[in-house]
Each structure stands twice: as structure tokens, then as C-alpha cells.
Amino acid sequence: MLVAVTIRNGGVRAVRMADVVADGAVGDVSADAPVAHAAAEAVGGAAAVTEVTGPAELAEWEQSYAPRWIFDLAAEMYPALLALGIRVRRCHDLALTERILLGREGRFGEPCRAAAILARAHGEPVPADPVPIDGGARPHVVEQPGLFDDAVAEATETDPRLLIAAYRDQMRRVDRSAGGPEATAAGIDVSAGALRLLIAAESGSALVAAEMSRRGLPWDADVHRQILADALGTRPTDGARPATLARLAEEISTAFGFPVNPDSPVDLREAFHRSGFDIETTRAWVLREIDHPAVAPLLRYKDLARLFTANGWNWLDDWVVDGRLAAQFLPGAVVSGRWATRGGGGLQLPTSMRRAAIAEPGHVLVVADAAQLEPRILAAVSKDPALTALSGDADLYAALAADGFGGDRRHAKLAMLGAMYGQTSGEAARLMATMRVRYPAAVACVESAARRGEAGGVVASVLGRACPPPSEGWRRAVGAGGASDESRARRVARDRGRFTRNFVIQASAADWAAAWMTTLRLALLDEVPAAEMVLFQHDELVIHVPEPYAEQVCELAVTAATTARDLVFPGSSVHTPVRPVAVRCYADAK
DNA sequence: GCGGGGGGCGCC
DNA sequence: AAAGGGCGCCCCCCGC
């Protein structure tokens, strides 16, 4: 069953299509192709349409039918249902799906809401999206979701039937986009089932993100203030540097013998030049190599200045609301399918600040982390038997070291990262030779992706998310014939090679993570509805759980990881282990 | 005065 | 010893 939902006058308007389809598999993350397809077709012929505007009925629909809710953009619509106290099991996010489908056609950044989808289907002029789906540039303050803004309400006042029509169009295009000579030639061929799974997982992620953005990570402002007080002293009044920073700035100038602004890289580099140190950048790792009295206070200054500007009192004022971190999570906002956040830097919480993330009374934080995910994903994507065999080890790098690097874990890790990120010089390049001998399939996989990228081609994740084609500027730079441009052309080409090399891994890891969290969310909804997912960062979930359920949630997180492996890499024996821990304070998880 | 690019650094 | 993928966010700095 399908239910399409839009907003009208700040209220919810929903259309339920006839109950023609036996329920069950339709919305599962493992949605099987024929069933989902049958649903779409049935909708086309369905005459019986029920329309409601009352929350009680919506809740009952969810309860009785567990339908797939069709949203123009879940990030806009689902909060309206949540506000009515309705959590849904599954949805289809038209905008996120459209971005995936357009991406497979090499079209990035085009409008992707229902109106645009239908216009394209009918060869009509495509209207611009009313608001950017990534939320656009947001002011550095907490604001209510734009849901009830007049502009948004007006723009989304669509007949819900149009959403169904857009959904049908997308499902047809899924079948066309899978397989076929074009996709094969482009190197982005996957099965229709894989694409459907990607869409289900992406849509499920949107539900996770909406719930997560609503109930963020518990954050103890007093603990945070104590951390700031210990490191920086008292909060300065308006615009001034904290006393500790001012003191360090003095020390730095004294060490140079002339005034230097430690916040200015230009100023700093010049100061070091004048002191006889010919450095290109003022990055910390460069400075650490220099024997000069300004270095120690400068490194200390950089450290504290970052704490002050990125996670200081202003951050606390802006992003911690009612004891929760109010970051907005945006699924699929990175081309690789990774999430982004708007505000609060929710994906970059410094480990030193995690002492302030403390479960509410009677609760714990279940921190579930997919350890060493990317090398395991490489094993699965490349089907490299030797690497897959090693993935059973809890410490993959240690196993790698024992297998071919004479027990040197540091070497093994360096080689693996070099393979995944494309390091071509220094020690890592030498270690790659070992990789090539021991794990030929894995190395061939990333190198073929790199060659494709260098040649201007595209690559895709295991479930079919395609990377962007090169820009016009890239083509010009690489195609330029002049001898003076040749080295630049080579460099630009290799930059793209590194991007596509890594894309295959990073995007496939994002596929896995989306399947994992979507599976886990469904399990929690059934078994521990009080559990709240409160943070997600690439391969790690934090779940706020009433203490008695801690053990159960840990087990569900582990099971969901295996399910995700089976869904995303059917038949693979690669291990993608998750080892959850239940802690009161986030800092205790590591 | 404002916006955008880049430097630098936090996370994965 | 030397520096590779993806971000967000702060600041500086420059050009309009």
C-alpha cells in the first residue's frame, strides 16, 4: 500500500491508494523487486482513493497497513507527522531518489521534487525546487524547521496524487536504469534489485535523519562549560580573546621579537620566513618539525583557539537546546551518499568534547561503531578472497600485518589506506607492492576505478550510486595540448583518479551504513520504541536508550549489521562487525 | 560592506 | 619521513 502525503495550510493532507497489494515485503528494506513493482502498477489502475486530513486516521493507517509513505522530501514532510505523534515504518523519498536517478544519468544539481520529476516525464519545462533540498545556507542560529514557512507550505501544497504519479515514473526508470548497454559501458551497471535497495535504504535514512534532527544527542551544558573554563578561563565579553589565548599570543610575538597575529597564516608564514624557516604552510605537522621558541606556544594557541571558535560558548548558545545538540542531519548530502550536517558540526564533535554527551537519568548511550569499515567494504566490493578471509579478525590491520607485512601493523595500515586513498609516493607506495601481490583483486578494483576517473569516466557504489562526471573545466585542463600544461593536465587527471578510487569504497560503505541503520530503525520501532537514535557519523550510531533495554539494543545493532551485509553484499562472507557498548557518557565509549 | 576562496583543523 | 579520499566550520584576506 502507498500513502502520499503533502501539507496544506500547515495541516497534513494524505491520499491512500486502494488496498490492492498484499502488504509485507513492499516496504522492507529488503523489498523485493516484483512486489514493489506490482504495487506501483496496481496504483495506476486503482480507483479507490481515500483522502483524510485527520491525524487519528493517519496513525491508524500506519498501524493497520504499514504502508510506504511517499514524501516529496521526507525532511520536510516527516516532521509534520512526527509532530502529530506518528512514526512511520517506511517511506519513499522522491527527492532523494530523484537525485540518485539523475546522478546515474550524469545530471547533478537539477530540481528533484515531484513537480520537476513529472515535468521531465512529460517533456515540459522543469520548475525550480522551491527550496534547496539540503536546506541551503543556514544562519548560524537555531531555527525551527522551515516546515510552516509560508513559502514552503505554498510550494508543497501539491495534490498527493501527483506524488504517486512521480513515484510510478521513478520505478519505471529504475528498471530502465538497471542493466542495459549504456549502464554497462558507463561502468555503473547494477541490478534493479540493488537500485531498489539503495532507494529503500536512502529513504529509510531520511526517516532516521528526521527523527535524529528532532531529538539530538543529549548534551550537558554544565560539563561543557567546565571544559571551557578549565581550558580557556572565564568567558570573554563580546569579541575579545579569552585571557589564556591573549597570553599565548603575547608569548608568540615575544618569541619572534615582533608582533605576529597567530590567527593569520599569512602573517605566521612571513614571521617564520623572517626567522629563517622556509615553510610552505603553517600546518601543525609542519610546525612540529621546526626548532623555534614560538612553535610550542603557537601549537598550544591553535589548539585552544579552535576549541574557542568551533566549540566554545557561542557554539553552546547556538546549538545546545534543552539539553540536546540541535544539529540538522542531511542524508545523502555528500555525492558519495554520506550524510552531512547543517549547524553544530554534528559530524565533527572533537573527542575532547564528548565528555559533555551524557545520557539522561535512567538512560544509557548505546554506541555502535562499525570498526575498520572501509577496508572490509573493499574486500566485499572487490570480492578479494584473501582480504575477505582476513575480515573475520577483529583487528583487520593486525591480521593484514601478520599476513604479509612481517607483523608490522603500522605498515599494513599505511598500505591499506594508500590503496584506498591513492597515495602514490613515499613509504605507502612501496608497501603497495606487497598489497598487489597478496590482494590482487582488491588492488585491481581500486586501480581500475582510478583509471576510469583519470580518463574522465564515472564509477558507482555497489548499489549503484554514481559519482559526478568531470566538469567542463576538468576536460579543458586535461585536454589542453600545450607542453606547459602537460604537468597540470596530469595532476588534474590524477586528482580525479584518487576521487573515483575512493568513491567506490566510501560510497559503498555509505550504502552499507544506510542499510544498517534502516534495518536497525525498523527493529527498534518494533521492539524498543523508546530507543532514540541521536547521532550518526559515517560508520557509528549512538542510540539513547532506557537502561533496561541496553542489552537488547546492543544485540539488535549487531544483528542489523549482519543483515546489512547480506542485503548489500549478497553471498559475501565478509565480516562487517559492530561492537556496541552501553555507556553513560559518550567519552567512555572509546 | 559583502561574498567567496583558501588556510587550517576537527571528524570519518 | 611525508601527506591520499570526503566533509563543516572558523578565520583571514582579497576582489568587487
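The structure displayed is predicted, hence computed values, not measured ones. The figures here come from the full heavy-atom set of this structure, side chains too, leaving out hydrogens, waters and symmetry mates. Lettering follows sequence order; numbering is per chain, from 1.
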From the list C:dG5, C:dC13, C:dA1, which nucleotide is the closest neighbour of the side chain of A:Ser264? C:dC13
Selection from B:dG8, C:dA1, C:dG6 that lies nearest to any side-chain heavy atom of A:Glu289: C:dA1
Please give, in whole Å, the distance from C:dG6 C1' to A:Asp539 CG? 13 Å
Please evaluate residues A:Gln372 and A:Asp395 with respect to the criterion side-chain hydrogen bond (donor to acceptor under 3.5 Å, both in side chains), reporting the C-alpha separation (whole Å), side-chain torsions for both, the decisive distance (0.1 Å), and the verdict. CA-CA 8 Å; A:Gln372 303 167 340; A:Asp395 184 352; 3.0 Å; yes
Using a strict 4.0 Å threshold on nitrogen-to-oxygen distance, state whether A:Arg436 and A:Glu447 make a salt bridge. yes
Within 45° of the ring axis of A:Phe258 and under 6.0 Å from its six-membered ring centre, is that where the NZ or CZ of A:Arg274 lies? yes
Side chain of A:Leu414 (C-beta onward), nearest among C:dG8, C:dC7, C:dG4: C:dG4
Given that A:Gly345 and A:Asp495 both sit by DNA chain C, which one's nearest nucleotide is further toward the 5' end? A:Asp495
Determine whether the aromatic ring of A:Tyr421 stacks with the base of C:dG5, defined as ring centroids separated by less than 5.5 Å and ring planes inclined by less than 30°. yes
A:Leu347 CG to C:dC9 P, straight-line distance once rounded to whole Å: 9 Å
Contact class for A:Leu349 vs. all strands (heavy atom < 4.0 Å): base, sugar-phosphate, or nothing? sugar-phosphate
Any idea which of C:dG8, C:dA3, C:dC13 is nearest the A:Gln423 side chain? C:dA3
Please report, rounded to the nearest Å, how far the P atom of B:dC9 is from the CZ atom of A:Phe308. 18 Å
Return the value, rounded to whole Å, for the distance between atom CD of A:Glu270 and atom P of C:dC13. 11 Å
Have a look at A:Ser336 and say if it touches a base, only the backbone sugar-phosphate, or nothing, with a 4.0 Å heavy-atom cut-off. nothing
Using a cut-off of 4.0 Å on non-hydrogen atoms, how would the nucleic acid contact of A:Trp285 be classed: base, sugar-phosphate, or nothing? base
So, is A:Arg342 close to the C:dG8 phosphate, meaning a side-chain N or O under 4.0 Å from OP1 or OP2? yes
Would the A:Trp219 and A:Trp315 ring centres measure less than 6.0 Å apart? yes
In terms of side-chain heavy atoms of A:Asn261, which of C:dG8, C:dC12, C:dG5 is nearest? C:dC12
Mind checking whether A:Phe536 and A:His538 have parallel, tilted or perpendicular rings, split at 30° and 60°? perpendicular
Is any side-chain N or O of A:Thr351 closer than 4.0 Å to OP1 or OP2 of B:dG10? no
Spacing of A:Gln506 atom CD relative to C:dC7 atom C1', expressed in whole Å: 8 Å
Whole-Å distance, A:Arg306 CZ to C:dC11 C1', equals 11 Å
Testing C:dC11, B:dC12, B:dC9 for proximity to the side chain of A:Lys302, the answer is B:dC9
The nucleotide from B:dC9, B:dG7, C:dG5 with an atom nearest the side chain of A:Pro265 is B:dG7
Just checking, is any N or O donor in the side chain of A:Arg306 or A:Tyr301 under 3.5 Å from an acceptor N or O on the other one? no
Identify whether any heavy atom of A:Arg283 sits under 4.0 Å from a base atom; if not, whether one sits that close to sugar-phosphate; answer base, sugar-phosphate or nothing. sugar-phosphate
Using Watson-Crick geometry (N1-N3 plus N6-O4 or O6-N4) or G-U wobble (N1-O2, O6-N3), each under 3.5 Å, C:dC16 is paired with B:dG1
Please classify the nucleic acid contact of A:Asp303 as base, sugar-phosphate, or nothing, using heavy-atom distances under 4.0 Å. sugar-phosphate
Of the listed B:dC11, C:dC11, B:dG8, the closest approach to the A:Thr309 side chain comes from C:dC11
Do A:Lys383 and A:Ser572 touch side chain to side chain, with heavy atoms closer than 4.5 Å? no
Which part of the nucleic acid, if any, lies within contact of A:Arg354, taking any heavy atom under 4.0 Å across all strands shown: a base, the sugar-phosphate backbone alone, or nothing? sugar-phosphate
Rounded off to whole Å, could you give me the NE2-to-C1' distance for the A:His411 and C:dA1 pair? 11 Å
Measuring to OP1 and OP2 of C:dG5, would you say a side-chain N or O of A:Arg498 lies under 4.0 angstrom away? yes
What is the distance, rounded to the nearest whole Å, between atom CD1 of A:Ile505 and atom P of C:dG4? 19 Å
Have a look at A:Arg338 and say if it touches a base, only the backbone sugar-phosphate, or nothing, with a 4.0 Å heavy-atom cut-off. base
Counting any heavy atom closer than 4.0 Å, what does A:Ala333 reach on the DNA or RNA strands: base, sugar-phosphate only, or nothing? nothing
